[in-house]
Amino acid sequence: MAAPEQLSLGVTLNDDATFDSFYAPEGSGNAQILAILRAQLDGAAEPLVYLWGATGSGLSHLLQACCLAAQDRCLNFQYLPLAELADFEPAALCEGLEVMDGVCVDNLEAVAGNHVWEQALFHLYNRLRDQGRCLVVAATQGPHQLPIELADLRSRLQWGVSHQLMPLDDGGKIGALRQRAQARGLVLSQEVAQYLLQRLPRDTKALFQCLETLDRASLAQQRRLTIPFVKSVLSL
């Protein structure tokens, strides 16, 4: 099944944003969210899954991971980061998306209160539901707090399965860094990971960007990730 032509929007997925690279310790609430999203792809789909959490908690990662995992299963999921697409014509953007197996709408807060966008998303949800497709939505606030003005859309969002993505504590961030490093073939010791956490911005996006820089430098110079090497590469 081919995606409609109008979806040539320059939206790309981060290849590193996979389910396997998302740090979610067994038994945690975030691990439960992973299980729900995987179920979306295994035929046990909820019509609507609403995820919410603070900026940097991993919402975009999970929505992109959902789309990448769908590709591996020969399914078509469309990723719509509304923070980037808010200036597009909503009805035209959403037209025909019900042919997809699922749609992942990120940054819903970017269009909250915009009547035209809210109408388009409400009708998209109805079309997806009628076709037995699924919708995954992410926002920085829960469905009862997000300032959606269209009552019909607000009620639909509140009907869905809703989960809050919990931010990682310092131990979780170290675990996430080491997991991401391992996926890149890097050995990141507990000591070096702790050093990075103490000297870099603590949001995971910034930490992962620095890890990517270290990966390139390590490969180019054939060096292990030691504290002196990290200090030199990142000018810490």
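Keep in mind that this is a model prediction, so the values were computed, not measured. Heads up: numbering here begins at 1 and tracks the sequence.
- Checking side-chain atoms of Gln64 against main-chain N and O of Asn14 turns up a donor-acceptor pair under 3.5 Å.
- Glu109 contributes a side-chain N or O that, together with a main-chain N or O of Thr140, makes up a donor-acceptor pair within less than 3.5 Å.
- Of the options Val105, Leu13, Asp106, a side-chain contact (heavy atoms from CB on, under 4.5 Å) to Leu63 is made by Asp106 and by none of the others.
- A salt bridge between Lys173 and Asp203 is absent, with no side-chain N of the basic residue lying under 4.0 Å from a carboxylate O of the acidic one.
- The pair Asp101-Arg73 does not meet the salt-bridge criterion, since no charged nitrogen lies less than 4.0 angstrom from a carboxylate oxygen.
- Counting only distance, with no hydrogens or angles, the side chain of Thr18 and the backbone of Ala65 share no donor-acceptor pair below 3.5 Å.
- Relative to the ring axis of Phe208, Arg180 places its NZ or CZ within 45° and under 6.0 Å from the centre.
- Across all their heavy atoms, Arg127 and Glu98 have their closest contact at NE-OE1, 2.8 Å.
- Between Val161 and Ile36, the closest heavy-atom pair is CG1-CD1, 4.4 Å.
- A donor-acceptor contact shorter than 3.5 Å is absent between the side chain of Gln78 and the backbone of Val103.
- Looking at Arg38 and Asp20, a side-chain N of the basic residue comes within less than 4.0 Å of a carboxylate O on the acidic one, giving a salt bridge.
- No donor-acceptor pair under 3.5 Å is formed between the side chain of Arg184 and the backbone N or O of Leu211.
- Minimum interatomic distance between Gln141 and Tyr50 (heavy atoms only, all atoms of both residues): O-OH, 2.7 Å.
- For the pair Leu207 and Arg202, the tightest heavy-atom approach, listed with the atom from each and the gap, is CD1-O, 3.9 Å.
- Trp52 places no side-chain N or O within donor-acceptor distance of the main-chain N or O of Ser162, the cut-off being under 3.5 Å.
- Leu146 and Ala112 make their closest contact through CG-CB, 4.2 Å (heavy atoms, listed as atom of the first residue, atom of the second, distance).
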